[in-house]
Amino acid sequence: QVQVVESGGGLAQAGGSLRLSCTISGVTFDQHPMAWFRQAPGKEREFVAAFWWTDGTAEYGDSVKGRFTVSTDNVRNTFFLQMNKLKPEDTAVYFCAYNSRTSVHRYYSEHRYDYWGRGTQVTVSS
């Protein structure tokens with residue numbers, strides 16, 4: 001059974017940092033892409049970042065490029081999102097997602113990811 005569990009959200013000041021963690025169990029961790037999405041109140045879910053094992057590369061949404069970085073810990077089956085230079089507009093619920101259906105294709109739509117965590121709240125004060 002696949003389980004996706006996020007942690008690490010909380011309150012930060014503008015300009016500060018937070019690191020989110022996503023532990024994925026029940027899968028072969030280093031085979032399929034993983035992603036972070038976020039959803040602010042009244043808005044659609046937005047792509048934040050994703051990582052592909054096939055070539056070890058990550059891609060980021062335009063609104064977070066240069067500020068957020070993903071990384072992995074293969075021993076602990078954990079996927080991280082390091083968020084720096086936080087802005088009030090980063091306030092959202094952040095979701096971790098796993099795509100078990102492909103190893104190669106690059107998808108940025110939430111509809112392409114089949115396993116999700118429950119989300120963790122990030123609030124950035126100005």
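One-based numbering along the sequence shown. None of these values were measured; they are calculated from a predicted model.
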What are the two closest non-hydrogen atoms of Gln121 and Thr123, and how far apart are they?
-> NE2-OG1, 3.3 Å
Just jot down the ring-ring contact (aromatic ring centres under 6.0 Å, His included) partners of Phe79, sequence neighbours excluded, or say none.
-> Trp36
Verify the cluster assignment for Val2 and Met34: are they in a single hydrophobic cluster under the rule of side-chain heavy atoms below 4.5 Å apart?
-> yes
With sequence neighbours left out, what residues match Thr78 under side chain to side chain donor-acceptor pair (under 3.5 Å)?
-> Thr23
For residues Met83 and Leu20, determine if any side-chain heavy atom of one lies less than 4.5 Å from a side-chain heavy atom of the other.
-> yes
Residues 25-42 vs salt bridge (charged side-chain N to carboxylate O under 4.0 Å, His left out), sequence neighbours excluded, gives Arg38-Glu46, Arg38-Asp90
Heavy atoms from other residues, nucleotides or ligands near CD of Gln13 exceed 12 (cutoff 6.0 Å) = no
For Gln82, side chain to side chain donor-acceptor pair (under 3.5 Å) partners two or more places apart | Asn84
Residue set satisfying salt bridge (Lys or Arg N to Asp or Glu O under 4.0 Å) with Glu89, at least two apart, ordered chain then number -> none
Could you work out the complete set of other residues in the hydrophobic cluster of Phe95, with links drawn between I, L, V, M, F, W and Y side chains under 4.5 Å apart?
-> Phe37, Phe47, Trp52, Val93, Tyr107, Tyr108, Tyr113, Trp116
Closest approach of Ala92 to Ala40 (non-hydrogen atoms, all atoms of both residues) | CB-N, 3.8 Å
Under the 3.5 angstrom rule, does the side chain of Ser103 hit a backbone N or O of Gln31 as a donor-acceptor pair?
-> yes
d(Arg19 CZ, Ser7 OG) to nearest 0.5 Å is 9.0 Å
Please collect all salt bridge (charged side-chain N to carboxylate O under 4.0 Å, His left out) contacts where either partner lies in residues 112-122, sequence neighbours excluded, each pair once.
-> Arg101-Asp114
Determine which pairs satisfy disulfide bond (SG atoms under 2.5 Å apart) with at least one residue from residues 27-77, sequence neighbours left out, and list them in order.
-> none
Can you tell me which residue pairs pass the ring pair (Phe, Tyr, Trp, His ring centres under 6.0 Å) test with a partner in residues 53-78, sequence neighbours excluded?
-> Phe29-Trp53, Phe51-Trp53
If you measure from CG on Asn99 to CZ on Arg106, what distance do you get to the nearest 0.5 Å?
-> 12.5 Å
Which atom of Val48 lies closest to which atom of Val64, heavy atoms considered | O-CG2, 3.4 Å
For Val70 and Ala49, the nearest pair of non-hydrogen atoms, with its separation, is CG1-CB, 3.6 Å
Is there a donor-acceptor pair under 3.5 Å between the side chain of Glu6 and the backbone N or O of Gly119?
-> yes
Among all residues two or more places apart in sequence or in another chain, which pass the salt bridge (Lys or Arg N to Asp or Glu O under 4.0 Å) test with Lys65?
-> Asp62
Contact check, side chains of His32 and Val27, non-hydrogen atoms, under 4.5 Å | no
What pairs with Thr72 under side chain to side chain donor-acceptor pair (under 3.5 Å), at least two apart in sequence or on another chain?
-> Asn74
Linking I/L/V/M/F/W/Y whenever their side-chain heavy atoms sit closer than 4.5 Å, directly or via other members, would Tyr115 and Tyr94 fall into one cluster?
-> yes
For Leu86 and Ala12, which heavy atoms make the closest approach, and how far apart are they?
-> CD1-CB, 3.8 Å
Does any pair with a residue in residues 10-121 pass disulfide bond (SG atoms under 2.5 Å apart), and if so which ones, sequence neighbours excluded?
-> Cys22-Cys96
